[in-house]
Amino acid sequence: MTDYLKEECGVFGVFGHPEASNLTYLGLYALQHRGQESAGITSFDGKCFHIHRQMGLVADIFKHHILEPLKGEIAIGHVRYSTAGSSNIKNCQPFLMEYALGGLSIAHNGNLINDVPTRKRLVDSGAIFQSNSDTEVIMHLIARSPLPTIEDRVIDALKEIKGAYSLVILAGSKLIAVRDPNGFRPLCLGRLGRAYLVASETCSFDIMEAEFIREIEPGEMLVIDNRGLKSYYPFDAEPKRQCIFEFIYFARPDSFIFGENVYNVRKRLGELLYEYSPCVADIVIPVPDSGIPSAIGFSQKSGIPLELGLIRNHYVGRTFIEPKQSIRHFGVKIKLNANPSILKNKRVVVIDDSIVRGTTSRKIIKMIRNAGAREIHFRISSPPIISPCYYGIDTPTHNELIANSHTIEEINRYVTSDSLAYLSIEALKKAVKNPDDFCYACFTGKYPLKFPKEEIEQLKLFRREEE
Ligand code: SF4
């Protein structure tokens with residue numbers, strides 16, 4: 001019962017570097033915020049594939065003796081938090097298989113919405129699955145395609161599936177990167193000397209001082225081999241539906257995705273929050289770390305000084321990855337502490353990025369009140385979350401989302417703040433350059449991709465279980 005939306009996954013790929021696995025390790029290290037359950041790397045040395053996948057954090061898994069055997073100049077990697085498929089080693093990525101054209105390894109960020117009927121069809125025709133991950137459905141479709149080249153097979157397979165996917169594929173001596181036609185998840189192209197790099201976010205390039213070339217476009221497939229890089233647009237064009245929550249919370253603030261720097265967008269959210277929901281206060285404090293850029297924006301716009309009234313302990317994992325109920329119970333206190341010398345007798349504006357269930361917010365407000373704050377005005381730099389995400393973000397069910405069944409006034413009473421305001425969708429759209437290019441479904445309940453019949457039945461079952 002965690003109180004955060006959980007990031008989905010991060011992917012990374014290298015083509016043409018003698019230290020491909022070591023670079024992938026660094027790239028994954030920078031993407032750790034996108035998934036903390038498991039990590040894996042596949043490399044190809046010109047003859048053989050090498051792979052290591054394990055539950056845990058990147059730095060804990062990839063010691064020198066693990067990286068050393070991952071030889072070759074091409075490698076892909078993945079960090080994962082389970083969004084589809086349960087949390088166990090069988091679902092760790094990258095996946096690696098042998099098929100008619102040789103070896104194939106895939107790392108996937110996103111979530112398919114028609115994997116249930118596709119998997120059923122494949123199983124009915126004799127396919128054997130090793131995991132319950134939707135990514136394995138893509139691998140089966142590639143393996144079963146009758147087309148002669150890997151590029152054609154990938155296109156053939158992806159034309160059968162719907163949903164969110166940013167894929168990095170290691171196919172022998174080729175590295176293929178594909179982003180779904182709606183572009184739900186980010187995917188970026190970089191260069192380090194003569195090597196090409198592909199990553200979910202540009203912060204991966206910065207860690208190795210690589211050059212960011214450009215984003216891979218929605219619906220684009222890049223094929224990188226010894227002859228260079230080729231770009232294809234093999235799918236029917238769709239409207240862009242990039243995940244607005246990447247800007248609000250998921251992506252690292254130093255990354256450049258969807259045409260903008262994440263920090264700048266987050267800061268604008270804070271400025272807009274003050275414009276639309278001003279209040280009189282002595283200090284602005286962020287809920288660290290994700291609330292910091294918006295709190296800076298709010299403070300600069302309002303002229304109310306910014307203070308760090310909540311201090312985060314960076315040496316504990318995020319609350320939601322802790323495995324036991326007993327630990328989770330203390331999660332907020334382990335992670336955050338209020339600073340009474342900043343808060344005592346102050347009228348405080350608290351800035352957070354979102355409210356999911358409300359339980360963590362309630363604990364934070366209580367902590368600030370106990371530290372002596374006189375008034376607490378809670379400001380949220382996103383609209384109320386009323387619907388789950390089916391495109392690669394692990395969200396609680398409808399009933400667990402507090403804003404799905406409670407008014408803002410009721411939520412204010414529950415979290416015990418003196419006032420509560422969210423950013424409106426109208427204001428959120430003002431924070432980005434191209435507001436029509438985004439998905440807002442978790443705030444509106446209007447999903448940009450229609451679910452197939454079987455998935456709708458599953459969702460109905462899912463909702464019945466919630467009730
Ligand atoms: S539903 Fe929300 S979290 Fe999911 S892709 Fe759309 S904006 Fe992102």
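Computation of the quantities below employed the complete heavy-atom set of this structure, encompassing side-chain atoms and omitting hydrogens, waters and symmetry-equivalent molecules. Throughout, numbering of the chain's residues begins at 1 and tracks the sequence. Remember, it's 1-based here, ligands and their atoms both numbered in the order they're listed.
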**Study point:** R266 charged N/C atom sitting above F247 aromatic ring, 6.0 Å / 45°
**Key:** no
Exercise for review: With R379 as the cation and Y274 as the aromatic partner, state whether NZ or CZ is under 6.0 Å from the six-membered ring centre and within 45° of the axis.
Suggested key: no
**Study point:** S382 side chain near D353 side chain, heavy-atom distance below 4.5 Å
**Key:** no
Practice item. Give the contacting part of R185 toward ligand 1: side chain, backbone, both or neither, where contact means a heavy-atom distance below 4.0 Å. Key: side chain
Check your understanding: Hey, does the side chain of R34 reach the backbone of C9 with a donor-acceptor pair shorter than 3.5 angstrom?
Key -> yes
Exercise for review: Among all protein heavy atoms, pick out the one at the shortest distance from atom 8 (Fe) of ligand 1; state its residue, atom name and that distance to 0.1 Å.
Suggested key: C243 SG, 2.3 Å
Revision key, fill the gap. closest protein heavy atom to atom 4 (Fe) of ligand 1 is C389 SG, 2.2 Å
Review point. Against heavy atoms of I393, which atoms of ligand 1 measure under 4.0 Å?
Key: 3 (S)
Revision key, fill the gap. Numbered in order shown, the ligand 1 atoms found under 4.0 Å of a heavy atom of C442 are 1 (S), 2 (Fe), 3 (S), 7 (S)
**Study point:** N, O or S atom of C439 closer to atom 6 (Fe) of ligand 1 than 2.8 Å
**Key:** yes
Review point. Any idea how F235 and Y165 line up, ring-wise: parallel (<30°), tilted (30 to 60°), or perpendicular (>60°)?
Key: perpendicular
